[in-house]
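One structure below.
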Amino acid sequence: MASLIDCPHCGKRPREEFTTLGSAVTRPSPSADSETWTDYVYLRDNPRGMHDEFWHHADGCRRWIVVSRNTFTHEFGGTRDAAGIAPMISPTEKTSQK
Amino acid sequence: MKYSALSVFLNGLRGNTAWQKMWRAPDPKPQYDVIIIGGGGHGLATAYYLAKNHGITNVAVIEKSYIGSGNVGRNTTIIRSNYLLEGNNPFYELSLKLWEGLEQDFNYNAMISQRGILNLVHNDGQRDAAMRRGNAMRLHGVDAEYFDKEAVRRFAPYLDVDQSRFPIVGGLFQPRAGTVRHDAVAWGFARGADSRGVDIIQNCEVTGLRREGGRVVGVETTRGFIGARKVAMAAAGNSSRVAEMAGLKLPIETHVLQAFVSEGIKPFIDSVITYSMGHFYISQSDKGGLVFGGDIDMYNSYAQRGNLSMVEHVAEAGKTMIPRLSRMRYLRSWGGVMDMSMDGSPIIDKTPVENLFINCGWCYGGFKATPASGWCYAHLIANDAPHPLTRQMRLDRFARGNMLDEEGSGPTPNRH
Ligand SMILES: Cc1cc2nc3c(=O)[nH]c(=O)nc-3n(C[C@H](O)[C@H](O)[C@H](O)COP(=O)(O)OP(=O)(O)OC[C@H]3O[C@@H](n4cnc5c(N)ncnc54)[C@H](O)[C@@H]3O)c2cc1C
Ligand SMILES: [Zn+2]
């Protein structure tokens, strides 16, 4: 993957300053039916190509941003602030094995 | 040809000229009973058990590259059955039992070595979780032992037990776990399936699924259409791409995991050790190289290569666990693309599309599952009903809210 990410607030910064969460899927309205919610929480397009995803500029402006990135060539297609689309946050401690 | 010590000796006398090819390179037939998409470990094992357990031999395994080019030839070869959950443990234990008899069964030396696995723990919470998991394993009749700090020190004197950063307080040991020569698994299953009549078709990519009246009737490939009564997907990291051909959206993200091997050294690490801080695991191959890895790179990727920042992260974690690794030199590193599922557990099921079956979601733990996955998937395809041990590995479990989340990390594939 490229070693620089172009933060809309801070400009080009080293990739190590960022953490990633996953697909920038939009949260449905609370009253949406359970099929819509299942789709949002569990199903992913998982494209081999351009993909919008949430990244967090943890060691910078601490804003959530949406990065468009090619999942095969790793080229960047652009970034924007994530305001308006809420990422799902989950804990990070883990003890997994192969 | 049956392999034996005698056959090695006799072929040696004849200058090793009489060995036969291990499998044929047939042209695809127009029609099969079963087509398996993907010639990785799971696809080949499925073909083998379809032929051996169910007598279904009019089968083709269709592989876009060469067999063993995917994760079956890229993993770090750890096998174990130290799972906590009811829906997982008996399945992985079946796999371990199959591994124990596999070499005799398919007459191939897969260098299965039950050298044990030690999962280190670093705090009270991890210790309690390890003990709970160990107890769950023992209730299932699986071997598990808890090592306290001194036992860990005796077992693996090279570990930095008293380090200031992540002191080691103990570990959960499974003696029957171990390592396998992964390529030999692909080759052994391929040879066994081929000798029972299965066609292994390499360098042939599935590009579409042909449907008539809703049901699948065959696959479009780079070598033309091939008909089939049943089509079974086993495409690992490319599962979403193949499923999309049938209009299915999966609870899967594709991620890259890297692995590393050092220069060969004298015997040093005689078991498999996993670190629970910083995520690092290591074993030593029979050739002497230290084989190790860590986290996935965290971002979705279909590229079979990873990022340098993860290389650094893995090396740092390794050095806090075994300081003397700092003198080792990396020989090679590589990456594989994996089908990370939303709860970290696999899917073996029918799909909503008639005649289409799915096997995916193996994350970074599917190598150990290879024999059981093939066994249970073959059962499903042959009988149109799930094998009892995969009852909780259904595709619709997400919609039903019945996750099989071994680590409790929620629907975030890169955190499992
Ligand atoms: C670095 C690394 C380390 C790992 N370590 C371990 C470990 O220590 N223990 C463990 O249990 N697991 C481990 N794993 C996970 C394990 O390797 C995988 O879960 C498992 O191998 C996946 O199943 P498979 O062997 O069938 O996959 P693969 O070998 O990837 O097979 C899938 C095949 O499908 C083919 N294919 C895809 N699309 C198409 C198409 N359209 N047409 C035709 N063919 C297609 C691919 O070319 C590929 O050969 C590791 C994985 C990686 C990457
Ligand atoms: Zn920023």
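To find a chain, count down the sequence lines: A is the first, B the second, and so on, and within it residues start at 1. Quick caveat: nothing in here was measured; it's all calculated off a predicted structure.
- Residue contact with chain A, scored on non-hydrogen atoms closer than 4.5 Å, involves the backbone and the side chain of B/Ile252 alike.
- To the nearest 0.5 Å, the span separating CD on B/Glu253 from CG on A/Leu43 amounts to 11.5 Å.
- Here CZ of A/Arg15 is found 10.5 Å from CG of B/Leu308. Values are rounded to the nearest 0.5 Å.
- Inspection of the A/Thr71 and B/Asn300 side chains reveals no N or O donor paired with an N or O acceptor under 3.5 Å.
- Contact tally against chain A (heavy-atom pairs below 4.5 Å) for B/Met403, B/Gln304, B/Glu406: the top residue is B/Met403.
- Inspection of non-hydrogen atoms places no residue of residues 29-37 of chain A under 4.5 Å from chain B.
- Using a 4.5 Å heavy-atom threshold, the side chains of A/His74 and B/Arg305 count as touching.
- A distance-only check finds no donor-acceptor pair linking the side chain of A/Tyr42 to the backbone of B/Asp343 [under 3.5 Å].
- Taking chain B as the reference chain and counting heavy-atom pairs below 4.5 Å, the highest number among A/Ser3, A/Ser23, A/Pro47, A/Gly49 is found for A/Pro47.
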- prompt: Given B/Tyr299 and A/His51, is the ring pair (Phe, Tyr, Trp, His ring centres under 6.0 Å) satisfied, shown in steps?
  reply: CA-CA 10 Å; B/Tyr299 48 85; A/His51 181 227; over 10 Å; no
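- Taking a 6.0 Å sphere around CZ of B/Arg400, one finds it holds more than 12 heavy atoms contributed by other residues, nucleotides or ligands.
- For the pair B/Met342/A/Val41, no side-chain contact is recorded, criterion being any heavy-atom separation below 4.5 Å from C-beta on.
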- request: Could you go through the side-chain contact (heavy atoms from CB on, under 4.5 Å) check for A/Arg48 and B/Thr254 one step at a time?
  value: CA-CA 9 Å; A/Arg48 186 181 191 268; B/Thr254 297; over 6 Å; no
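- For B/Arg241 (side chain) and A/Asn46 (main-chain N/O), a donor-acceptor pair under 3.5 Å exists by modelled atom type.
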